[in-house]
Amino acid sequence: MPISRRYSTTLIVASVAIFGTLYACSTRRGPNQSLAGSDAASKVYVPPGSYDEFYSFLSGGYSGQVAVYGLPSGRLLKVIPVFSQFAEDGYGYNEETKPLFQTTYGFVPWDDSHHPELSMTDGVPDGRWLFINANNTPRIARIDLTRFETDEIIQIPNSAGGHASPFTTPDSKYVVSATRFSVPVPNTDVAIDSYKKNFKGTLSFITADQPGKMDVAFQILMPGYNYDLGHAGKGPSDGWFFFTSYNTEEANTKLEENASQNDKDFVAAVNYKRAEECVAQGKAKPAAAEYYHNWVDEGSRQAKSEKKTGVKMINPMDCPGLVYYLPTPKSPHGVDVDPTGEYIVAGGKLATVIPVHSFTKMQKAIADKAFDKEIDGIPVLKYDAVVAGEVQKPGLGPLHTEFDGKGYAYTSLFISSEVVKWKLGTWEVVDRIKTYYSIGHLMIPGGDSKRPAGKYLLALNKITKDRYLPTGPEMAQSAQLIDISGDKMKLLLDFPTIGEPHYAQAIPASVIKDKQVKYYKLASNTNPWATRSESEGGITRNGKRVDIKMIAIRSHFAPDNLEGVQVGDTVVFHVTNIEQDWDILHGFAVLGMNTSELILQPGETRSLTWIPKSPGVFPFYCTDFCSALHQEMQGYVRVSPAGSPVKLMANVSKKTQAQLATPAGKAR
Ligand code: K7E
Ligand code: CUA
């Protein structure tokens, strides 16, 4: 969210001018029509044991995660850890998932995730994957929707703020990432006030349709503006991508004021099919880059990391017809393409209108060379030649727009805290509804696709204040479900959210609910430390490293008594949950360990590293209440002083002990 929660001076000045009109208009409407009543309650009531109609995926913002809610009930179904360590299940703490956080900056255990994006087939969400961006250390993650787990993370090189990301092309061939902060490319030590000379933006296209194989297809070197959001064209505009930019002033200090000077900034229209041609013709230059690609190996469920170098960088000067600028008032934030692919709607945070560009007019303006000027090889089209219309008096601080597929658009207004509904083509405002408070994104299931569901709208609000029982200075942020099935929008429900939801996506539950994996097949577990039966458990030493292989099943660990560990050893517990049943999980924790627990899904192996610092006997136990005898699911590990003669011992079956004594057993 680029706008300060404490309204900036500039915004206040801008708002005062129009506030009179709006205030009058909202008081005339009387007390808000959105007070939820019994009618609303019945619309969101999902009886116990019944399922919601939609899965919705809300970004966690500075939590770095994704939260899955059922709609219309607003029930929290799951938190999917993505860019932040998640002690609740050991994600990013256990040895199997740590490599997902590898970057050229080292291990990065946190990020700020903004935009969940469902994969698409022919412009419609298909329920295969959910992508989401990391804003701070630019990365894109892929979540597999048969397991609701993060499977892949790719770092975006030559970028310093992956905000306009990871919006997808209609076939998910590419997802994109545009840098929010321009920086020297390649990044190097220069004076900050050499901004105009040395700082550049990049637009990255990442191949996304092969799981485990995301890569940087090419990057486009852009003027040093801030790139904010993006959306792909569709239908007639398929093959194009649109990105908003602000700070076309190229200010490097006090942007609040200095980046609010120009009357119009730009939407960059990128013809990525043209980019592919230029790459094929060798017009992209090899550019320096280092980045990590991390993915989860399917059989072992261990994350792997590889470092990659070099990218193909296209300079628009070398590839005419690649990028055009559409002048757009004023410091635009969102850019959204309607279901027909003809209209490109931008949300100018400081604009008094919502400008809508026409793809048809844009094509004609390009053919007619209706250019104002050219910036670094990028023609700037004339505003009048590309604008289809302007929505007048929409409210204050328009940010994001979604569509209902019935000819209407819905725009969030941050400053005036409302959603405005307007008609595509005539641009008239037909309805508005208050949101509590300071709405950022909004979401209609499929509302950015070719086929919106058009029944509900979710407002994602920044400030909650008095909507719930107070919880001290910080309140959970809030989503509000609005019924958009009729002429008038109706508020149905408030529900609190984790972190700060920026964008969200939703999909009919029927698309993914029957594809859920219920457990991992033990027979397919290729983790080298997997233990498939009790007899395979044991303890081995290699120098100062001790590996312990263990199974977990209702209601014991085997082995559960371990000796021969010494102070200063690095002990790695490899625990396999050998259950083959849906939703039967076990946990694992050892007294005094310096990491999180393990949570083990059925059929899965996870590893926990522990460096005991003092002699003694240390209990371990199952942390997930798995059975009537869960409290009996425990064990002990004995730690002796360094150099102690106590022998390695794991109380597994006699046969296994005998095997462990042989060289082959030791190798295991
Ligand atoms: Cu919060 Cu999409 Cu990061 Cu607007 S962004 S609100
Ligand atoms: Cu296993 Cu509790």
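Atoms within a ligand are numbered from 1 in the order they appear, just like the ligands themselves. Values reported hereafter were calculated over all heavy atoms of this structure, with side chains retained and with hydrogens, waters and symmetry mates removed.
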Using only heavy-atom distances, determine whether the side chains of [X] and [Y] contain a donor-acceptor pair under 3.5 Å.
{"X": "E632", "Y": "H556", "value": "no"}
{"X": "E597", "Y": "T623", "value": "yes"}
{"X": "Y468", "Y": "D494", "value": "no"}

Mark up the atoms of ligand 1 that fall under 4.0 Å of a heavy atom belonging to [X], in ascending order.
{"X": "H115", "result": "2 (Cu), 3 (Cu), 5 (S)"}
{"X": "G440", "result": "6 (S)"}
{"X": "K462", "result": "1 (Cu), 6 (S)"}

(request) Look at atom 4 (Cu) of ligand 1 and find which of H502, H333, H441 reaches it with the closest heavy atom. (result)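 Answer by nearest heavy atom: H333.
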
(request) Can you sort out the partners of Y519 under ring pair (Phe, Tyr, Trp, His ring centres under 6.0 Å), two or more places apart, ordered by chain and number? (result) none

(message) For H357, give me all partners under ring pair (Phe, Tyr, Trp, His ring centres under 6.0 Å), at least two apart in sequence or on another chain.
(response)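 Per chain and number, H357 pairs via ring pair (Phe, Tyr, Trp, His ring centres under 6.0 Å) with no residue.
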
(request) Measuring from atom 3 (Cu) of ligand 1, name the closest N, O or S atom belonging to H163. (result)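 Considering only N, O and S atoms, H163 comes nearest to atom 3 (Cu) of ligand 1 through NE2.
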
(request) Taking atom 3 (Cu) of ligand 1 as the reference point, name the nearest N/O/S atom of H114. (result)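 Answer by atom name: ND1.
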
(message) If we set the cut-off at 4.0 Å for heavy atoms, which region of L460 has an atom near ligand 1: side chain, backbone, both, or neither?
(response) neither

(message) Tell me which N, O or S atom from H400 is the closest to atom 4 (Cu) of ligand 1.
(response)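 Minimum-distance N/O/S atom of H400 relative to atom 4 (Cu) of ligand 1 is NE2.
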
(message) For the aromatic rings, using the six-membered ring if either is Trp, is the centroid distance between F243 and F241 under 6.0 Å?
(response)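 Here the rings of F241 and F243 have centres that are less than 6.0 Å from each other.
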
